Amino acid sequence: MLTCLRARTLLYLLLCLFFLPGFADASLRIKPWMLADWENQAPHLSDLGLAPRDVAAALDNRLLTFSHPERDIALPGAKGIRHFSRARFVTTVARVDLPVQTLRRNMRDFTTYKNLFPMLTGSDVVATDGANQIVKFRIEVPMPALASFIIDFRFKQRLERDGSISGLLIDGEAKSLIAMLGGMTDELAGQPVLTRWEFLPVSADQSLLVFTYWDRIDLKSYFARKLLEQYPELRVAGPYMVSAGAVESIRQNFSLSTSHPASPGIPGWSDFSRLQPFIHQLSAHGHVGVLEPERHVAVNRQQKPLRYVSLATRISADPDATRRLATSYGRLPEVIREIRHVEVRDRGKEVDLALGIRFAFMVIRFSLDMDMRNTWVTPERLEFQRRRGQLARLSGGVEWLPVPGRSQTLMLTAAAHEIGDEAPLVLRLAHRIVEQIPFAEALANMAAQIVVMERMKPWIERQVATSASAEM
């Protein structure tokens with residue numbers, strides 16, 4: 001079920017690289033509003049009542065990403081204050097093996113960012129006024145058989161009294177033949193993007209890194225508009241990818257090797273014993289993602305390790321009904337329209353699926369056939385493995401857990417994949433570009449699961465509501 005969505009989100013990761021930071025005709029002139037004092041209305045971690053030391057101890061070497069309750073915000077702009085309602089921020093947290101003073105000092109040196117983030121080749125402070133700085137960044141994306149895709153953009157950074165760093169997008173421009181052909185010259189002029197970095201002490205030599213992100217991007221190019229019309233779930237997945245990718249970049253630069261190597265096999269709810277209270281609390285506001293360290297699967301140490309991503313989503317239905325509907329395999333095309341054909345061989349504990357998947361977006365089209373084996377490990381836990389097909393590897397698990405005190409289900413999915421050499425050509429080409437980011441597959445994996453659950457959750461809730469109405 002996740003296979004085609006994972007293919008598409010690799011393409012979406014390219015969209016993030018090509019369109020999200022690309023802006024129109026950035027003027028280098030510094031205008032008064034750009035350096036004026038302002039109040040960042042992005043939430044702090046403390047707004048959720050989370051203690052940094054408790055979160056860091058529960059995380060160990062994982063990343064945790066989650067959303068906040070919606071809020072109304074106001075942002076400064078070239079034409080005055082802009083107001084936005086129902087802004088939903090996404091935060092990612094990770095433990096970093098540096099004292100908080102060192103981490104904060106490193107992150108306040110914006111000129112070094114080009115050494116910390118993949119494909120970021122320029123980071124220069126172009127203006128300063130007290131605690132406010134304007135930083136110009138450059139991203140260069142090498143393209144096969146084409147010139148690099150170059151993006152220049154400016155961010156307003158404010159060094160806050162509490163030690164955090166506030167960020168506000170100002171402007172930028174994309175430079176390449178692709179930008180002109182793709183109609184991107186007017187992509188994101190004046191688009192709202194708001195961020196906050198926090199650096200919280202955990203111990204004498206460790207910190208909790210917190211990055212909070214929000215945007216309300218209105219993509220104007222025909223390609224981008226059509227993609228988001230066809231896949232509106234990507235508006236939810238995008239901020240999770242940006243937030244997690246930013247934190248993982250820093251964590252990989254400043255953290256030591258894994259102190260407690262991940263155990264082999266597919267992660268499950270029992271592996272999150274210390275994270276469980278946080279997942280239950282945070283899932284009330286939206287999806288909660290957990291990015292694992294790399295781990296070997298089964299006993300084959302000749303294969304490269306896989307990196308699992310788990311996603312927890314609340315569904316307003318009891319666990320039995322949610323599990324029954326989620327495993328109604330013949331109805332999968334009702335939820336995932338890219339699945340065109342399903343053959344089911346149910347042998348009780350084991351269920352074999354033959355999936356025919358078709359992806360079509362404008363001129364981008366490909367097919368993906370996959371044989372999967374689903375195995376009931378317990379009555380509450382299902383694990384799946386790719387047996388045959390055009391992806392090299394795909395494995396994961398699903399669990400359905402009661403939400404304490406509520407008639408709801410916490411549906412926990414975990415998945416990892418490897419593209420391999422037998423995948424469709426368009427997918428392999430997309431993968432070769434984004435693989436320059438070491439953790440791109442994990443981000444695409446998380447986004448694919450979010451897209452699936454954005455479709456699965458309302459579908460299950462509708463089926464349950466319909467059944468309840470029919471019984472009245």
Side-chain angles (χ1 to χ4, degrees), residues 20-47 68 71-84 87 89-92 98 100-117 120-139 151-173 188-200 207 209-217 239 242-243 246-247 249-250:
L20 202 57
F23 313 99
D25 299 327
S27 170
L28 296 180
R29 189 161 59 90
I30 304 298
K31 300 177 182 179
W33 74 270
M34 296 178 183
L35 285 170
D37 288 338
W38 62 294
E39 180 184 355
N40 187 357
Q41 296 178 352
H44 292 82
L45 186 69
S46 59
D47 294 349
H68 292 257
R71 58 172 61 192
D72 297 340
I73 62 172
L75 302 180
K79 298 180 180 180
I81 299 298
R82 298 173 293 169
H83 297 273
F84 300 91
F89 287 83
V90 173
T91 290
T92 300
L98 283 179
V100 69
Q101 297 88 346
T102 305
L103 177 61
R104 184 180 296 120
R105 183 171 62 251
N106 288 340
M107 293 299 294
R108 285 186 167 200
D109 185 358
F110 302 113
T111 62
T112 67
Y113 276 30
K114 57 182 171 288
N115 303 318
L116 302 178
F117 296 93
L120 188 67
T121 59
S123 53
D124 301 294
V125 177
V126 296
T128 301
D129 185 0
N132 298 303
Q133 300 183 33
I134 306 299
V135 185
K136 181 180 179 181
F137 296 103
R138 167 167 286 193
I139 292 175
I151 305 160
D152 291 321
F153 60 102
R154 295 189 298 177
F155 242 77
K156 177 178 182 175
Q157 307 278 19
R158 177 174 173 81
L159 307 180
E160 303 287 3
R161 292 180 180 179
D162 63 3
S164 65
I165 300 174
S166 295
L168 177 68
L169 174 66
I170 293 178
D171 56 21
E173 62 180 338
L188 294 177
Q191 298 283 359
V193 176
L194 186 61
T195 66
R196 185 192 300 279
W197 288 100
E198 294 181 85
F199 321 101
L200 307 174
S207 307
L209 177 66
V210 183
F211 181 62
T212 299
Y213 176 89
W214 169 83
D215 68 49
R216 189 157 291 174
I217 302 301
V242 173
S243 178
V247 170
S249 296
I250 301 304

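As the structure is a computational prediction, the values presented were derived from the model and not from experiment.
- Asp215 and Tyr213 form a side-chain donor-acceptor contact under 3.5 Å, judged by distance and modelled atom types alone.
- Phe117 and Ser249 make their closest contact through CD2-CB, 3.6 Å (heavy atoms, listed as atom of the first residue, atom of the second, distance).
- Of the inter-residue distances, the one linking Asp37 atom CG with Leu35 atom CG reads 9.5 Å to the nearest 0.5 angstrom.
- The residues Arg158 and Glu160 are annotated as salt-bridged, a charged nitrogen and a carboxylate oxygen being separated by less than 4.0 angstrom.
- Here the CD atom belonging to Gln157 is positioned 9.0 Å from the CE atom belonging to Met107, to the nearest 0.5 angstrom.
- Note that CD of Gln133 is 4.5 Å distant from OG1 of Thr128, once rounded to the nearest 0.5 Å.
- When all heavy atoms are compared, the tightest approach of Arg71 to Pro43 is NH2-CB, 3.4 Å.
- In summary, Asp171 and Lys31 do not engage in a salt bridge, as defined by a charged side-chain N under 4.0 Å from a carboxylate O.
- Asn40 and Arg196 get closest at one heavy-atom pair: O-NH2, 3.0 Å.
- Nearest heavy-atom pair across Leu168 and Pro76 is CD2-CG, 3.6 Å.
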(Q) Test side chain to side chain contact (heavy atoms under 4.5 Å, CB included) on Leu159 and Arg108; report intermediate values, then the result. (A) CA-CA 8 Å; Leu159 307 180; Arg108 285 186 167 200; 3.9 Å; yes
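- Here the closest heavy-atom approach between residue Phe211 and residue Val242 is recorded as CE2-O, 4.4 Å.
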Q: Evaluate the side chain to side chain contact (heavy atoms under 4.5 Å, CB included) criterion for residues Ser207 and Leu103: first the C-alpha distance (whole Å), next the side-chain angles of each, then the deciding distance (0.1 Å), finally the verdict.
A: CA-CA 8 Å; Ser207 307; Leu103 177 61; 3.8 Å; yes
Q.
Working note: Ile250 + Leu116, criterion side chain to side chain contact (heavy atoms under 4.5 Å, CB included); need CA distance, chi angles, decisive distance, verdict.
A. CA-CA 6 Å; Ile250 301 304; Leu116 302 178; 3.9 Å; yes
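- Residues satisfying the ring-ring contact (aromatic ring centres under 6.0 Å, His included) test with Phe155, not counting sequence neighbours, are none.
- Between Lys136 and Asp124 no salt bridge is recorded (no basic side-chain N to carboxylate O distance below 4.0 Å).
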